[in-house]
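Everything below concerns the one structure shown next.
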Amino acid sequence: MSNDAYVPHPDRLLPSDPAVRDIARGLYAEMKDQPIVSPHGHVDPRLLLDDEPFRDPTSLFITPDHYVNRLLHARGVDLADLGVGRGPLDEQDSRKAWGLLAEHWHAFAGTPSRYWMEHEFSEVFGLTTVLNPRTADAMYDELADKLTRPEFRPRALFDQFKIQVMATTDDPTDDLAPHDALAADAAFTGRVIPTFRPDKYLEAGRSDFPGLSDALGEAAGVDVSTYDGYHEAMRARRLYFRDHGAVSSDHAHMDPGTARLPLEDARRLYSQARGGTIGEADAVALRRHLLGDQARLAAEDGLVMTLHPAVYRNHSEKMFQKFGPDVGFDIPVAVDFVHHVAPMLNDVGHDPNFRTVLFTIDETVFSREIAPLAGVYPSVYAGAPWWFIDAPDAILRYRRAVSETIGYSRTSGFIDDTRAFCSIPARHDMSRRLDATHLAGLVAEHRMRHEDALELVATLPDQQPREVFRLGAAGEKNS
Amino acid sequence: MSNDAYVPHPDRLLPSDPAVRDIARGLYAEMKDQPIVSPHGHVDPRLLLDDEPFRDPTSLFITPDHYVNRLLHARGVDLADLGVGRGPLDEQDSRKAWGLLAEHWHAFAGTPSRYWMEHEFSEVFGLTTVLNPRTADAMYDELADKLTRPEFRPRALFDQFKIQVMATTDDPTDDLAPHDALAADAAFTGRVIPTFRPDKYLEAGRSDFPGLSDALGEAAGVDVSTYDGYHEAMRARRLYFRDHGAVSSDHAHMDPGTARLPLEDARRLYSQARGGTIGEADAVALRRHLLGDQARLAAEDGLVMTLHPAVYRNHSEKMFQKFGPDVGFDIPVAVDFVHHVAPMLNDVGHDPNFRTVLFTIDETVFSREIAPLAGVYPSVYAGAPWWFIDAPDAILRYRRAVSETIGYSRTSGFIDDTRAFCSIPARHDMSRRLDATHLAGLVAEHRMRHEDALELVATLPDQQPREVFRLGAAGEKNS
Amino acid sequence: MSNDAYVPHPDRLLPSDPAVRDIARGLYAEMKDQPIVSPHGHVDPRLLLDDEPFRDPTSLFITPDHYVNRLLHARGVDLADLGVGRGPLDEQDSRKAWGLLAEHWHAFAGTPSRYWMEHEFSEVFGLTTVLNPRTADAMYDELADKLTRPEFRPRALFDQFKIQVMATTDDPTDDLAPHDALAADAAFTGRVIPTFRPDKYLEAGRSDFPGLSDALGEAAGVDVSTYDGYHEAMRARRLYFRDHGAVSSDHAHMDPGTARLPLEDARRLYSQARGGTIGEADAVALRRHLLGDQARLAAEDGLVMTLHPAVYRNHSEKMFQKFGPDVGFDIPVAVDFVHHVAPMLNDVGHDPNFRTVLFTIDETVFSREIAPLAGVYPSVYAGAPWWFIDAPDAILRYRRAVSETIGYSRTSGFIDDTRAFCSIPARHDMSRRLDATHLAGLVAEHRMRHEDALELVATLPDQQPREVFRLGAAGEKNS
């Protein structure tokens, strides 16, 4: 049917006013073909190491994508019918899940999930119809067919996407063998680097903290029965990561607290945590101290410290028990950066080797806290909008909230933060279009010279994250 | 005088860009003539039962409208001169109050109060001048004259407004006789349904709590000397309301806390509340437990639970003592939904019979909390902007804050929440225009297909609130 | 070089849509040439008393401007190289600092700092090039040359800027001799008035509180060894300020708390503060009580009370120790006005002699708290966006957040709040352009009649702050 025909419009996300759109088109043209630098994300490095074909459309596009699953679930779909918490679906169930997406696709109109996926359908897989119950089976077939072809294997896509650097997120005890293998593989020219993500090893109130700290010590070859040993183990594992290509560590606790304890208190509370006797408030206090320690270690080893705080994880206990984490029941909460990061910035914030990037889903802190902090501390950068607010209107709100205080130079550059490998180019492209839109507005209102905007975008997608994340120049693989 | 001539522009609130406006006009045209479904409001059902003519312009437009009175008061007008806290004004004072409105009308430029009222003047009453001191008397006369005519009586207006369903807000002890009479009245074809609003019966710290709970027990025919009896009385009154047409309960406390107490604590605190000896913190704890109980009862009886929290009522004690509540001194405060509703959603949030709609005046929670919650819990909907933010720019901010996470399907549909009967069509029309504006922007920026937007608006004003509030299909009166 | 040529565009900040821009141009034209009324700022009165030539471009534009310094510092520039914390720079270092600004000027693209400065370069100093490393020296020379000319001395600029009233900010112990001298100087026709800023005299937890209160007592000729004496000293100094032309007091604490203590507690805590033994929490409690006292005194003496709360001052202790306060390390935090000002408004909020203007950098309170408060209390006004949010997008957000509740009449009028004398006309002009843009949007969307917008702007820049700050009619010097 003719009204099923659909490819995304070339001017999508650009301003609708013709005069402003012309400016935006020119700015976007400068950015469109720049390579992708992705300093923070959640793709599994084995995807590229093994280079196996993707199994089927459902396991590629639906099952692991909690953005998609959550809205389907809210509309009454059982997560299990999408493959969540099950092994891979068989052909029949996979097609059925695909049909559920098609049935509810209209409710995704205007969401970034649909926007990204339509970009992928069209620009990655060459589909030319809109998803709906009429087209679902044919689209499934065409995708399934293409996924078997060599040009749609992960490495081929990695090249097609022009990804120069892609960071993964890794457990401190990981030996990083996949990263090493990729770095050693002459046939693979990309740069896939690990990120040190020690969250759970800092959560001193977890019942499994003794075992976690043991595992950390084992990986480091250090006795962690004392706070000092634990600290040494952390230092060692960070260095291990850095030596295997990492440029950053990532930290996502309930708050970005970094208050320091007197050393004797830290030692005492650590022992209590090891013994499983630490109280709730003390566990929070120790975690904040340990996050402050991570900042000290960052000032030593130079890993850029990214903070992603203030998400109430697994809001529904029932769903957590049934399906585990990361199935859509993580809900943001309000956050105070100013007080929480003060101890850290007073400790190492003026150390030229220390650097931190502050991410938030609580938009209120952009103009109030993050831009003012990033606009004065040489060590602080404003992170791009994250998770629920990595979306067109929210991204424009972000630019309009922070640019008046810090311009573009104190921002992180775009971060895709995704586990959906095929969405990477769509997400970066969205960001470039929106920066073009934001800047075109400034130019059209004579708030920025056209030549200044052109000069800015000439290096924005590529150079800005390279500089912020100390990635060095293009062409380098892992050091 | 020629510059006193004024009727609202047919394109008002639509985008000023001609290309986008054309799209918006088309979308608005699909919505303009759909009937009004009003699932939450504050009109007195006796207005329609008695069908008496409105008394005069001042008692219709000014005295009961705290939106209008408050700004007049801020500008120096004594509330008493507007009829607040007095019986109906005589002709001279009523005209004088009208003159005060005219004198200050310029200061309302750009406010929704003026927008709605000008819509009413023109589209309901056929006036063709702007209100100012020159036109005030003539407009008063013309309105006063029209109010005596049969076509401007409440029932005639109800039909003219094309209201299919209108919910009122009612005390749990109310016998709902007016609703029954309206339902039984073959001459009245509209559907006027009650809403269960038990706020004060949950506020265990009120000095009149013993009397209130007694009254509840009396209405239910249940002994409320114990917590268990009180709970049974609540169950009975909710069922009574449901049996008399109610589809929802409404709850407006200082916070949306739903933390449960151990049963023995609830019983003990209830006894203290009955005895007038409960402490302040315990009263809050008990109130939160009782709100959690309302959620449990909602899962039983299927009444949709609407939350309107976080307003500091009667901020000025002096004005409260002089004029009582609802005279404009209610001020919103910041709110945290995520932690507060967690106990409730963990209790009944996955029960298919339970449903809640979260309303806020604190706009920060739209993108941060409400959209993420409504985008994953099948039982949670994002309420339309309420009270101070039921206004054009704020409504667009709302759509832009929530749509990227949940589209339109997880939103409540428009809620007028008004005690100003004649403003109902103006408010619903404003909402339709703004949805057209929002969607036209998405279409013009190629973020939504035009056909998807058209499909959405074809049922948005009518079907969305029907579905969310379990109102059934059009044509039904009270069951 | 040709692409170095630059003067700001006459339509800057106006809407880019041609139809809306036409309306905005007309509205701006009504405001453009109105005189400047500046009821709150930080210019030193001796600047105008002495009327010495400005020393050089760096000490005029860079060293004292923490907006500029902070972003340069974040980008790696040592504050000392900009003259911060040093005496005036010699010619070589001054030129070097200017070169640093030129080198980083591209990073200021889109910031208000650059916008204001480019306005000043062009409209005040007649420069016609953009600042960059190629043009830096020539621009420095031209500016340095012009600064020696009589027409660029402070008084000549004061006249050129058409400043009618300019408030300074002054210590309660100041004898205000410069103000008196200016008022007595027949050759100077401007009105330069002091503002009573007692912050540190209320901070009972400061180690220097005993000395500060002694100084206050000395200035007042009152024994301050007791709370009652201190209160009397405050009363006397406020009256002294009022008698020397002040129309307002200004208050910038960590929170806007005004909770009253029982009199005996206030007396006791005051004695502890005098004795240096007050605890931290008690010091906060006493400070809030004393702020409530300021409100009582304001109801007596009629000084308008402006609140500028919720900034975490000197966030970096290291930089504070090195450079002192006001060097860019002040970071805003979230604020709650509703609870904090309730005691004050219940105390004097209905007194016709009391008036307060609420300023915030936490934008979330505009629609939630400040507009609702200013829209009902006759004594409360919504302050213009302040500091980090005195910037185009933020100003438009402010208008869109508050206008729907309170229109324009309950807002403060524009406040430049600046210590950068030459930026005053640029800042006021920016505000006028943005009000034109906001109102033109309302007119173009048929939300406000064109004639209402024209009527509003006819007096907005001049009359609104005169009324709010009780400045009387134009032409008056200090009373």
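Hydrogens, waters and symmetry mates are skipped; everything else that's a heavy atom, side chains included, is used.
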Taking side chain as everything from C-beta outward and backbone as N, CA, C, O, which of these in A:A342 sits under 4.5 Å from a heavy atom of chain C? Side chain, backbone, both or neither.
both

What part of C:L14 gets within 4.5 angstrom of chain A, counting heavy atoms only: side chain, backbone, both, or neither?
backbone

By a 4.5 Å heavy-atom criterion (distance strictly below it), what part of C:P10 contacts chain A: side chain, backbone, both, or neither?
neither

Going by side-chain contact (heavy atoms from CB on, under 4.5 Å), name the residues that satisfy it together with A:P262, two or more places apart in sequence or in a different chain.
A:E264, A:D265

Select one option (side chain, backbone, both, neither) describing which atoms of A:V20 are under 4.5 Å from chain C's heavy atoms.
side chain

Is it the side chain or the backbone of C:V130 that comes within 4.5 Å of chain A heavy atoms, both, or neither?
side chain

With rounding to the nearest 0.5 angstrom, report the CZ to CG distance, C:F329 to A:L373.
9.5 Å

Can you name the closest pair of heavy atoms from A:A374 and C:A74 and give their distance?
O-CB, 3.6 Å

Across chain C and chain A, going purely by atom type as modelled, what donor-acceptor pairs are there at a distance under 3.5 Å?
| residue | atom | partner | partner atom | Å |
| --- | --- | --- | --- | --- |
| A:V338 | O | C:H315 | NE2 | 2.8 |
| A:N346 | OD1 | C:E317 | N | 2.7 |
| A:N346 | ND2 | C:H315 | O | 2.9 |
| A:H350 | NE2 | C:S316 | OG | 2.7 |
| A:S367 | OG | C:E363 | OE2 | 2.6 |
| A:R368 | NH1 | C:D362 | OD1 | 3.1 |
| A:P372 | O | C:R70 | NH1 | 3.3 |
| A:P372 | O | C:R70 | NH2 | 2.7 |
| A:G375 | O | C:L71 | N | 3.4 |
| A:Y377 | OH | C:H315 | ND1 | 2.8 |
| A:Y377 | OH | C:S316 | N | 3.4 |
| A:R400 | O | C:R397 | NH1 | 3.3 |
| A:E404 | OE1 | C:D393 | N | 3.4 |
| A:E404 | OE1 | C:A394 | N | 3.2 |
| A:E404 | OE2 | C:D393 | N | 2.4 |
| A:S409 | OG | C:R75 | NH1 | 2.9 |
| A:R410 | NH1 | C:A74 | O | 3.1 |
| A:E445 | O | C:L13 | N | 2.9 |
| A:R447 | NH1 | C:D393 | OD1 | 3.3 |
| A:R447 | NH2 | C:D393 | OD2 | 3.0 |
| A:R449 | NH1 | C:N3 | O | 3.3 |
| A:D452 | OD2 | C:R114 | NH2 | 2.8 |

